[in-house]
Protein chains: 4
Amino acid sequence: MEPPTPHKRTGRPRSAEADRAILGATREALVELGWGKLTLSDVAARAGVAKTTLYRRWAGKNELVVDAIAALFEEQLDLPDLGSLQADIRGVVLRFAGLLDHPAIRTGLMAVVAEATHDDALRLRIREAIVDRQKHLVLLGRARAQSRGEIPPDDTDPALTARDADLIFDVIAGSVVHRVMVSATPVDDDWADRLALLLVLGLSGVRR
Amino acid sequence: MEPPTPHKRTGRPRSAEADRAILGATREALVELGWGKLTLSDVAARAGVAKTTLYRRWAGKNELVVDAIAALFEEQLDLPDLGSLQADIRGVVLRFAGLLDHPAIRTGLMAVVAEATHDDALRLRIREAIVDRQKHLVLLGRARAQSRGEIPPDDTDPALTARDADLIFDVIAGSVVHRVMVSATPVDDDWADRLALLLVLGLSGVRR
Amino acid sequence: MEPPTPHKRTGRPRSAEADRAILGATREALVELGWGKLTLSDVAARAGVAKTTLYRRWAGKNELVVDAIAALFEEQLDLPDLGSLQADIRGVVLRFAGLLDHPAIRTGLMAVVAEATHDDALRLRIREAIVDRQKHLVLLGRARAQSRGEIPPDDTDPALTARDADLIFDVIAGSVVHRVMVSATPVDDDWADRLALLLVLGLSGVRR
Amino acid sequence: MEPPTPHKRTGRPRSAEADRAILGATREALVELGWGKLTLSDVAARAGVAKTTLYRRWAGKNELVVDAIAALFEEQLDLPDLGSLQADIRGVVLRFAGLLDHPAIRTGLMAVVAEATHDDALRLRIREAIVDRQKHLVLLGRARAQSRGEIPPDDTDPALTARDADLIFDVIAGSVVHRVMVSATPVDDDWADRLALLLVLGLSGVRR
DNA sequence: CCATAAGCGAGACGGTACGTCACGTCTTGTA
DNA sequence: TACAAGACGTGACGTACCGTCTCGCTTATGG
């Protein structure tokens with residue numbers, strides 16, 4: 001969440017307060033207006049900040065929204081120990097779905113992902129700011145399950161380990177997003193249950 | 001693909017050639033520029049058509065882009081019988097990933113999905129034009145697996161049946177989309193294999 | 001005064017009304033605000049016209065102000081026959097000074113001349129729009145004086161003729177401008193009288 | 001040239017070097033960019049000085065540029081005795097035109113004059129720093145001509161005397177400036193000759 | 001068979017937001 | 001206290017697209 005464009009040592013330092021206000025105003029505007037109607041002028045006005053201050057820190061709408069959303073992910077997603085692998089998966093699914101319940105997050109996230117299909121720098125930024133930070137949840141869940149004896153200990157080959165984590169991550173995140181965005185059906189306890197069960201059963205043998 | 005706004009009989013008829021040129025130009029521009037930078041003036045120029053001609057047929061950017069993308073999904077996917085449930089899943093995963101390999105489809109699909117997050121009519125249109133056409137594959141695959149004896153016959157409750165099909169559909173489609181769009185890693189044979197295995201194992205017990 | 005950038009035959013024609021409104025608004029704003037505070041956005045607003053319409057016709061503030069002032073010169077400067085060469089000169093001096101009495105014209109004219117010292121295109125535009133159109137007054141005045149027998153008929157060499165006209169023009173215009181701008185003393189009847197007398201006497205022998 | 005805003009004794013003294021660098025950079029930028037495009041940030045950068053240093057000494061663009069230009073007019077013009085009134089006039093015309101040959105003087109002088117049209121303090125400053133210093137040449141020239149017997153001795157009324165000197169000054173200076181700035185034609189020997197002749201002849205009778 | 005009614009290209013129009021620039025002020029750390 | 005550096009709020013800039021609106025012209029049908 002710190003300013004993405006760091007600066008030299010000299011001169012007046014950038015206001016950290018401004019950063020906070022801007023990201024907050026961005027989320028607020030995103031909720032009220034949605035991606036399409038959100039304008040940087042409006043964000044600046046809401047944050048009580050000059051437009052130039054905003055452009056000094058972010059290159060454009062995409063970058064700003066990525067950071068604004070990333071901050072939400074940061075604070076919203078964690079993985080409380082619910083006692084079993086299935087319960088842990090169920091928990092993270094519901095939590096993720098809860099995030100996507102905010103219309104602004106839903107819209108903003110999809111919009112930047114869409115833009116990222118033809119903007120590699122943007123895709124990289126999304127990866128760093130949002131995706132990679134959540135992937136550790138998968139690793140954490142697996143470690144817990146191993147310590148509980150629910151799944152066998154790690155492969156000796158770390159490449160295989162990472163490969164499997166990536167698969168699980170794509171399945172969990174992708175399923176939830178597709179459910180919410182495309183099927184446009186809410187993620188309820190029952191659905192989360194069944195997805196968690198599917199994964200727990202499947203995981204038992206996915207390693208070859 | 002015919003003009004969505006039909007017109008009276010009299011006067012000079014609308015040029016069908018223009019419709020084709022506009023939709024083609026839209027897809028082309030979408031790939032090059034993405035949703036955000038795509039402008040209707042540019043589309044008109046590419047199509048060799050006046051802006052008025054374009055606005056006579058479509059109400060705005062959303063409608064135009066959805067139509068342009070929907071045309072790409074006209075033909076239904078099919079599901080050749082590959083001998084086992086796992087092979088069938090693997091097949092449909094690779095086939096779907098193949099679709100997303102086209103830049104026009106990748107960019108366009110994400111763009112309209114993003115837009116649909118705050119446009120219910122648009123979401124409905126996507127459902128009808130794109131999603132529902134593919135969902136029958138899940139049902140077909142299950143029927144085959146049942147006839148092979150790989151999974152037990154249908155629940156007596158058709159609601160439960162539909163519920164499960166929806167889950168599978170969200171998992172398959174969502175995982176592939178997330179892999180391609182967010183993780184930005186190609187879907188290869190190995191990944192498809194592992195996803196199919198995960199599902200086959202998981203399906204054995206997901207029914208309660 | 002017609003649009004400086006002519007256009008093709010096709011498409012919607014430019015509004016002549018807009019041109020009139022813009023030039024009028026420019027003069028009005030020039031009077032109220034002066035050159036420095038005059039903004040094109042404000043001019044557009046006064047004229048009830050979009051900023052784009054303004055930029056479609058003029059490249060910038062300088063060009064616009066030149067045209068706005070030129071129109072004033074056009075309508076204000078003429079040369080009524082006052083019966084003698086001295087009276088005619090006196091008349092044009094007072095008339096020119098009257099123009100420079102408007103603070104906005106004074107400011108605007110000097111500002112564009114100052115800018116023109118390092119902008120050849122602008123200098124050319126000033127020449128064409130303002131200076132050259134007034135120079136004919138010198139020729140007209142001379143012709144009248146010759147027909148009255150106050151000065152001898154033209155040289156047979158037209159180059160010499162033009163050379164002399166240029167000298168007279170620089171002296172009259174320059175003296176008035178210097179009096180008003182630099183000496184900051186009003187041009188009154190007495191001063192005009194004495195300048196006219198100086199010139200009439202001087203002209204009697206300036207030709208060699 | 002000393003800092004117009006004097007300061008207290010205590011603390012670090014202001015750098016005289018900075019003053020020189022700033023005024024030099026201002027003249028340089030004025031020639032390159034003209035009044036309109038000249039920016040104080042740019043001047044500061046050229047002078048290797050911070051903007052604060054600049055604003056500590058001058059209140060704004062106007063004040064800075066006037067000081068920068070005034071320094072060029074420090075040394076007074078003189079008037080060598082060339083043997084006749086006409087030759088003396090010719091000499092001062094060429095000398096003044098020579099001054100306007102420097103691009104910095106040409107541009108800067110016009111710029112401050114333009115600015116002075118709506119800034120009385122600025123006009124006063126120009127009068128004191130530039131104009132009045134040159135006006136004594138007119139008086140000197142007249143005295144010489146009188147001692148040569150070329151023109152009659154002074155009026156008994158000193159007001160009339162000053163009045164005539166002002167007229168001559170406006171005519172000479174104004175004509176040269178108009179020739180150089182507006183007509184954008186160089187002042188050559190021939191033009192100076194003819195202007196001087198015009199004045200000598202005219203002066204013979206301008207007194208009433 | 002030609003009048004009517006639309007379609008069409010071109011491009012101007014009133015808007016709105018953009019992203020940039022310079023202004024003049026301020027807040028740092030260093031001299 | 002001066003100074004270099006540079007962030008800050010402000011406000012105009014000139015541009016880009018939006019969706020609408022004339023224009024003058026073309027192309028089908030139907031009275």
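Here is the naming used below: chain letters follow the sequence lines, and residue numbers restart at 1 for every chain. Keep in mind that what you see is a predicted model, and the values were worked out from it rather than measured.
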Note: contacts of residues 39-52 of chain A with DNA chain F (heavy atom, under 4.0 Å) are A/Gly48, A/Val49, A/Ala50, A/Thr52
Closest to the 5' end of DNA chain E, once A/Gly11 and B/Ala18 are matched to their nearest nucleotides, is B/Ala18
Note to self: Quick check on F/dC21: is either OP1 or OP2 less than 4.0 Å from any side-chain nitrogen or oxygen of C/Arg14?
What the structure shows: no
In whole angstroms, the gap separating C1' of F/dC17 from NZ of A/Lys61 amounts to 13 Å
Between CD of B/Glu17 and P of F/dT27 the distance, given in whole Å, is 15 Å
Quick one: do A/Asp19 and A/Arg57 satisfy salt bridge (Lys or Arg N to Asp or Glu O under 4.0 Å)? Show the steps, please.
CA-CA 8 Å; A/Asp19 273 314; A/Arg57 292 163 159 80; 3.0 Å; yes
Separation of E/dG11 atom P from C/Arg57 atom CZ, nearest Å, is 15 Å
Distance col, row A/Asn62:CG vs A/Asp67:CG, nearest 0.5 angstrom, shows 11.0 Å
task = Go through the N and O atoms of the side chain of A/Arg12 and the base of F/dC8, and report whether any donor-acceptor pair is under 3.5 Å.
result = no
From CH2 of A/Trp58 across to C1' of E/dC18 the rounded distance in Å is 18 Å
For residues 40-50 of chain A, the side chain to side chain donor-acceptor pair (under 3.5 Å) pairs (sequence neighbours left out) are A/Glu28-A/Arg46, A/Glu32-A/Arg46, A/Asp42-A/Arg46
Output for pair (A/Trp58 CH2, A/Leu40 CG), nearest 0.5 Å, gives 10.5 Å
Given the options C/Thr39, C/Leu38, C/Thr26, C/Lys61 meets side-chain contact (heavy atoms from CB on, under 4.5 Å) only with C/Leu38
Please set out all donor-acceptor pairs under 3.5 angstrom arising from side-chain atoms of residues 107-117 of chain D, sequence neighbours excluded.
unit_1: D/Thr107; atom_1: OG1; unit_2: C/Thr117; atom_2: OG1; d: 3.2
unit_1: D/Thr107; atom_1: OG1; unit_2: D/Pro103; atom_2: O; d: 3.2
unit_1: D/Thr117; atom_1: OG1; unit_2: C/Thr107; atom_2: OG1; d: 3.0
unit_1: D/Thr117; atom_1: OG1; unit_2: D/Ala114; atom_2: O; d: 2.5

Ranking F/dG19, F/dC3, E/dG9 by distance to the side chain of B/Tyr55, first place goes to F/dG19
Between B/Gly60 and D/Ala16, whichever has its closest DNA chain F nucleotide further toward 5' is D/Ala16
- Task: Determine, for A/Glu128 against A/Arg125, whether the closest basic-nitrogen to carboxylate-oxygen distance falls under 4.0 angstrom.
- Result: no
note: C/Leu54, atom CG; F/dA12, atom P; distance rounded to Å ~ 15 Å
Here the distance between atom P of F/dA12 and atom NZ of D/Lys37, to the nearest Å, is 18 Å
A/Arg56 vs F/dC8: side-chain N/O to OP1/OP2 distance below 4.0 Å:
yes
From CG of C/Leu64 across to C1' of F/dA12 the rounded distance in Å is 15 Å
Whole-Å distance, B/Leu38 CG to F/dC18 P, equals 8 Å
